[in-house]
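The block underneath contains the structure these notes are about, expressed in structure tokens.
All ligand and atom numbering here is 1-based and tracks the order in the structure.
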Amino acid sequence: MASHELKTPLTSIKLYTDIIERKMKHYHDREIQKIIDKNQEQIRRLQILVDDLLDVSRIQTGKLTFQKEIFDIHSVIQDTIELTKEAAAHHPIVYNRGKPVLVYADKFRIYQVLTNLITNAVKYSPKNSEIIIVTEVADKQVIVSVQDSGIGIPESEHEKIFERLYQVFESADQKSPGFGMGLFISKEIIRKHKGKIWVESEPGKGSTFYISLPLAKKPS
Ligand code: ADP
């Protein structure tokens, strides 16, 4: 209920800020533009937070729904890289698009999971370090991995990070604080696609997150 109540005023604030931004463009006032940019950034963060809260409550009430279709996993990976470009501006992303790999899944939700993995890789690794995305097909499933060379995660936390609101204490980042909802939501999305999500990681060496998804069945 609370997250729904937050969504409406937030949508209005966004709309009014967009109008102010458009009108102020004519005045070429750099100071005001800077304030508007900061406002937009905070609005964006609030929108992500409210959307995550809504997803968590949908999961808890069994109301997270999926609209599945057949698509090439590479196209969603490519779109995610494109749409996270700004957030990953200081992290070169290495990815070679391979032959089409068809899955039957909810495109938007898979995009949401990949966005979470890429933005986490950015958040928890040093500037200018590479993020490597690899896809592999085996046993009627595709495995997508997102590798960073960041702070890593101790073995004792590998399961816990997928729990609701769980964060590794040492990795708490003041600049881009999260709430430990992303991996919980991702796990539920992947589980509902009959796939798996897991991590291999060592502190100080980086982390590789994996998701597996069944391949789309060929029509018989
Ligand atoms: P958050 O919003 O806190 O990033 P997530 O659910 O996405 O929430 O992640 C849970 C926790 O797992 C994070 O707070 C962080 O401690 C840890 N974590 C996730 N991804 C990484 C990564 N790539 N490297 C190191 N730690 C990570």
Is a side-chain N or O of His90 found less than 3.5 angstrom from the main chain of Ser129, in a donor-acceptor match? no

Applying the side chain to side chain contact (heavy atoms under 4.5 Å, CB included) criterion to Leu215, which one of Ile73, Val137, Ile70 satisfies it? Val137

Any idea which of Gly152, Gly180, Ser149 brings a heavy atom closest to atom 1 (P) of ligand 1? Gly180

Can you tell me if Gly150 has a non-hydrogen atom under 4.0 Å from ligand 1? no

Side-chain atoms of residues 140-149: list all donor-acceptor pairs with protein atoms under 3.5 Å, sequence neighbours left out, distances to 0.1 Å.
{"from": "Asp148", "atom 1": "OD1", "to": "Gly150", "atom 2": "N", "distance (Å)": "2.8"}
{"from": "Asp148", "atom 1": "OD1", "to": "Ser207", "atom 2": "N", "distance (Å)": "3.2"}

Could you see which bit of Leu183 sits under 4.0 Å from ligand 1, with heavy atoms only: side chain, backbone, both or neither? both

Check this for me: does any side-chain nitrogen of one of Lys34 and Glu31 sit under 4.0 Å from a carboxylate oxygen of the other? no

Any atoms of ligand 1 less than 4.0 Å from a non-hydrogen atom of Asn116? List them with their elements. 7 (O)

List every atom of ligand 1 that sits less than 4.0 Å from any heavy atom of Met181, numbering the atoms from 1 in the order shown and giving each element. 6 (O), 8 (O)

Heavy-atom contacts with Tyr166 under 4.0 Å: which atoms of ligand 1 show up? List them by number with element. 10 (C), 11 (C)

If we ignore hydrogens and angles and just use 3.5 Å, is the side chain of Asp72 paired with the main-chain N or O of Val101 as donor and acceptor? yes

So, His74 side chain and Lys99 main chain: donor-acceptor pair closer than 3.5 Å or not? yes

Of the side chain and backbone of Phe209, name the one, both, or neither that has a heavy atom under 4.0 Å from an atom of ligand 1. side chain

Just jot down the ring pair (Phe, Tyr, Trp, His ring centres under 6.0 Å) partners of Phe66, sequence neighbours excluded, or say none. His193

Can you list the atoms of ligand 1 that are under 4.0 Å from a heavy atom of Lys123? 1 (P), 2 (O), 4 (O)

Could you tell me whether some N/O pair between Phe184 and ligand 1 is separated by less than 3.5 angstrom? no

